[in-house]
Chemist: 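Attaching a single structure in structure tokens format; questions to follow.
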Amino acid sequence: MEWLGIERPEIIARATENINEMVALIERLASEDIAYKTDDGSWYFRIAKFPDYGKLSGKDLEGIEDGARVDVDEYEKDAARDFALWKATKPGEASWETSIGTGRPGWHIECSAMAMKHLGPSFDLHAGGEDLAFPHHENEIAQSECASHQPFARHWFHVHFLLVEGKKMSKSEGNFYTLRDLLLKGYRASAIRFLLVSVPYRHQMNFTFEGLAESTAAIDRLRGFARRMEATAKNPALPVERNEELDALVADKLAAFHAALQNDLNTAEARAAIFDIVRAANIAIDSNTFGLGNVERIAKALADFDAVFDVLTDRDAAISQGAVAWAQAEGRADDIAPELLVAQSITDEEIETLIAERTDARKRRNFARGDAIRNELLEKGVLIEDGKDGVTWKRK
RNA sequence: GCACCGGUGGCGAAGUGGCUAACGCGCUGGUCUGCAAAACCAGUAUGCGCGGGUUCGAUCCCCGCCCGGUGCUCCA
């Protein structure tokens with residue numbers, strides 16, 4: 001997770017450490033006859049007591065009427081759609097001895113109990129995959145709101161599953177990749193992150209290797225621009241007064257960036273606004289209409305962008321090295337892309353030395369030698385750029 | 001079979017009842033460069049799954065169909 005720049009949760013709750021809370025919740029429901037015990041010692045939730053059932057998923061409950069697809073007697077439930085809160089012990093299963101009997105909690109009660117314990121009866125946001133809306137989240141709402149008599153989560157955030165190369169991801173399709181797999185193939189962590197966040201969460205995205213290459217190129221452009229801004233800000237030849245037209249455009253696009261994120265996290269639109277700024281600023285610099293006064297707002301835009309997207313700072317090499325080290329330790333060295341090892345075989349110091357030699361050769365107009373060095377570095381994944389103010393380089 | 005979500009250029013992907021259908025990548029040509037790279041410019045969907053309908057006007061609304069995803073039993 002940290003490889004993708006994802007923050008760790010403040011609290012990671014474990015179901016097995018919160019059995020008491022779950023039992024208390026079931027007892028509270030039982031006191032209002034919402035939870036009931038069956039002959040085998042299991043507890044079920046009486047959906048008839050919660051008229052709002054189905055409000056999240058918009059399910060038509062007629063489809064799961066009593067006895068339609070489930071043998072009611074077999075489960076001893078009062079209604080087929082009632083769901084388990086607590087399951088009586090079965091041989092070979094973990095169980096706890098509690099005031100409501102010996103057994104283990106049902107799946108849904110765990111989440112209700114832990115969410116309310118840490119966040120209170122009402123909280124802002126509950127997330128989950130699209131597959132969980134029904135029945136899991138629906139059942140959480142029913143249990144929690146019946147127990148607390150308050151609204152449970154105010155907003156629900158359901159992410160769509162992604163497609164991989166146009167198909168659902170599955171081991172049998174052979175399109176199941178872990179983050180480590182992708183890193184070992186030579187893709188950058190930042191590109192993976194950027195691709196994943198570039199499509200709004202509500203939409204199903206098609207994750208492709210071509211898409212990863214696209215993200216890599218897009219990040220290169222953004223990082224290149226960030227570097228260019230830094231260099232430009234230090235350029236003493238630049239006029240101090242700002243280009244008002246450009247500044248207004250940047251302000252406009254920065255507002256659009258934030259508006260897009262405010263609009264249900266539309267990351268695709270937010271991203272577009274930043275690229276608009278990049279292009280406009282590049283044009284201004286290229287046409288010598290850029291002033292030092294323009295730097296401030298653009299720097300603010302980049303900072304705001306990166307506070308969310310977090311791809312400008314290059315930590316890719318270290319992360320890839322981590323993946324390589326892992327593969328070597330696990331005996332999976334064969335999975336490491338050759339380019340990755342080649343790229344890691346040259347140090348920054350060695351690159352600087354070669355570039356200095358090349359610059360020297362070019363001054364003497366020995367272009368053959370200069371180009372030879374450039375090609376040598378290129379083979380090691382190092383790209384040289386000759387700018388007006390000197391040579392810069394980056395790893396591919 | 002039923003319900004919900006989606007189907008936009010070569011690819012990824014925004015968006016809107018009527019303005020040139022964003023943005024990124026790719027590709028082609030150009031500027032710059034010793035040559036490249038980077039950056040910039042121009043071009044690249046007469047078109048938004050298919051067929052009807054509503055409307056002065058639909059990619060955007062309605063209906064049907066096709067395709068993809070998810071759910072509709074248990075487990076988590």
Side-chain angles (χ1 to χ4, degrees), chain A residues 15 54 56-65 68-71 74-75 80-81 83-84 87 93 104-108 110-111 128-138 158-163 165-169 191 194-196 198-200 202-225 227-228 231-232 253 256-257 260 263 266-287 361-363 365-368 370-371 374-375 377-378 382-388 391-394 396:
Chain A
L56 174 68
S57 57
K59 275 281 169 198
D60 178 10
L61 293 172
E62 302 308 308
I64 42 178
E65 271 305 322
R69 299 184 64 168
V70 186
D71 182 349
E74 185 185 334
Y75 293 101
R81 57 191 218 219
F83 58 88
K87 303 206 169 178
E93 280 183 1
R104 62 179 178 84
W107 167 35
H108 317 297
E110 301 172 0
C111 297
E130 59 172 322
D131 56 328
L132 296 180
F134 186 89
H136 185 232
H137 294 330
E138 203 72 74
H158 288 111
V159 292
H160 272 274
F161 287 169
L162 49 72
L163 257 37
E165 299 290 341
K167 291 179 183 164
K168 66 196 284 187
M169 184 162 86
F194 197 49
L195 179 57
L196 292 174
S198 288
V199 177
R202 251 178 213 286
H203 292 256
Q204 180 160 63
M205 79 160 295
N206 187 10
F207 186 94
T208 64
F209 289 107
E210 196 179 339
L212 275 177
E214 183 252 300
S215 282
T216 306
I219 289 173
D220 274 341
R221 184 163 171 211
L222 292 170
R223 286 180 179 170
F225 177 73
R227 281 201 305 271
R228 190 178 196 189
T232 302
K253 293 298 179 183
F257 170 80
N263 182 19
N266 192 332
T267 48
E269 265 195 357
R271 203 187 105 136
I274 294 304
F275 278 104
D276 286 336
I277 291 173
V278 170
R279 188 178 341 97
N282 272 325
I283 290 172
I285 297 171
D286 283 353
S287 62
R362 290 178 70 233
K363 269 186 198 147
R365 301 197 69 78
N366 183 353
F367 293 119
D371 289 351
R374 186 168 69 196
N375 287 334
L377 286 170
L378 191 60
V382 178
L383 219 58
I384 289 182
E385 292 169 14
D386 296 327
K388 279 178 200 150
V391 182
T392 59
W393 61 273
K394 64 186 179 194
K396 271 202 290 186

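Each chain gets a letter, A, B and so on, in the order its sequence line appears, and its residues count up from 1.
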Chemist: Would you kindly compare Leu383(A) and Met205(A) by the position of their nearest RNA chain B nucleotide and give the one closer to the 5′ end?
Modeler: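 Counting from the 5' end, the first nearest nucleotide belongs to Met205(A).
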Chemist: Using salt bridge (charged side-chain N to carboxylate O under 4.0 Å, His left out) as the criterion, list what pairs up with Glu130(A), not counting sequence neighbours.
Modeler: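 Once residues adjacent in sequence are excluded, Glu130(A) has no partner under the salt bridge (charged side-chain N to carboxylate O under 4.0 Å, His left out) criterion.
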Chemist: Taking only the side-chain nitrogens and oxygens of Arg81(A), find out if one of them lies under 4.0 Å from OP1 or OP2 of U73(B).
Modeler: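 Answer is no, no contact under 4.0 Å.
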Chemist: If the plane angle is over 60° it's perpendicular, under 30° parallel, otherwise tilted; pick one for Phe194(A) and Phe275(A).
Modeler: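 The rings of Phe194(A) and Phe275(A) sit tilted, inter-plane angle from 30° to 60°.
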Chemist: Quick one: salt bridge (charged side-chain N to carboxylate O under 4.0 Å, His left out) partners of Glu165(A), sequence neighbours excluded?
Modeler: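 Partners of Glu165(A) under the salt bridge (charged side-chain N to carboxylate O under 4.0 Å, His left out) test: none.
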Chemist: Report yes if a side-chain nitrogen or oxygen of Arg374(A) is closer than 4.0 Å to either non-bridging phosphate oxygen (OP1 or OP2) of C35(B); otherwise report no.
Modeler: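 No, because none of the side-chain N or O atoms of Arg374(A) sits under 4.0 Å from OP1 or OP2 of C35(B).
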Chemist: Which whole number of Å gives the distance between the C1' atom of C74(B) and that of G64(B)?
Modeler: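 C74(B) and G64(B) have their C1' atoms separated by 36 Å.
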Chemist: Suppose we screen for ring pair (Phe, Tyr, Trp, His ring centres under 6.0 Å). Which residues come up paired with Phe209(A), at least two apart in sequence or across chains?
Modeler: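 Only Tyr177(A), Tyr187(A) meet the ring pair (Phe, Tyr, Trp, His ring centres under 6.0 Å) criterion with Phe209(A).
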Chemist: Ignoring hydrogens and angles, does a donor from either the side chain of Arg228(A) or the base of A39(B) sit under 3.5 Å from an acceptor on the other?
Modeler: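 No such pair is found, so the answer is no.
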Chemist: Any base atoms under 4.0 Å from Asp131(A), or only sugar-phosphate, or nothing? Heavy atoms, all strands.
Modeler: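 Sugar-phosphate, backbone atoms only, no base.
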Chemist: Among the candidates A37(B), C5(B), C72(B), find the nucleotide nearest to the side-chain atoms of Pro135(A).
Modeler: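 So the side chain of Pro135(A) is nearest to C72(B).
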Chemist: Could you give me the stems involving RNA chain B, meaning stretches of three or more consecutive Watson-Crick or G-U wobble pairs whose two defining distances are both below 3.5 Å?
Modeler: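 Consecutive-pair runs (3 or more) involving RNA chain B: B:1-7 with B:66-72, B:10-12 with B:23-25, B:26-31 with B:39-44, B:49-53 with B:61-65.
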Chemist: Taking the side chain of Glu269(A) as its heavy atoms from C-beta onward, which of G15(B), C23(B), A38(B) lies nearest to it?
Modeler: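 That would be G15(B).
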Chemist: Holding to salt bridge (charged side-chain N to carboxylate O under 4.0 Å, His left out), I want the full list of residues that pass it with Arg279(A), two or more places apart in sequence or in another chain.
Modeler: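 Counting only residues at least two positions away or on another chain, Arg279(A) forms a salt bridge (charged side-chain N to carboxylate O under 4.0 Å, His left out) with Asp276(A).
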Chemist: Between the base of G15(B) and the side chain of Asn263(A), is there a donor-acceptor distance below 3.5 Å?
Modeler: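 No, no donor-acceptor pair under 3.5 Å.
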Chemist: Could I get a table of every N or O pair under 3.5 Å where one atom is in the protein and the other is in nucleotides 25-27 of chain B?
Modeler:
residue : atom : partner   : partner atom : Å
C25(B)  : OP2  : Arg221(A) : NH1          : 3.2

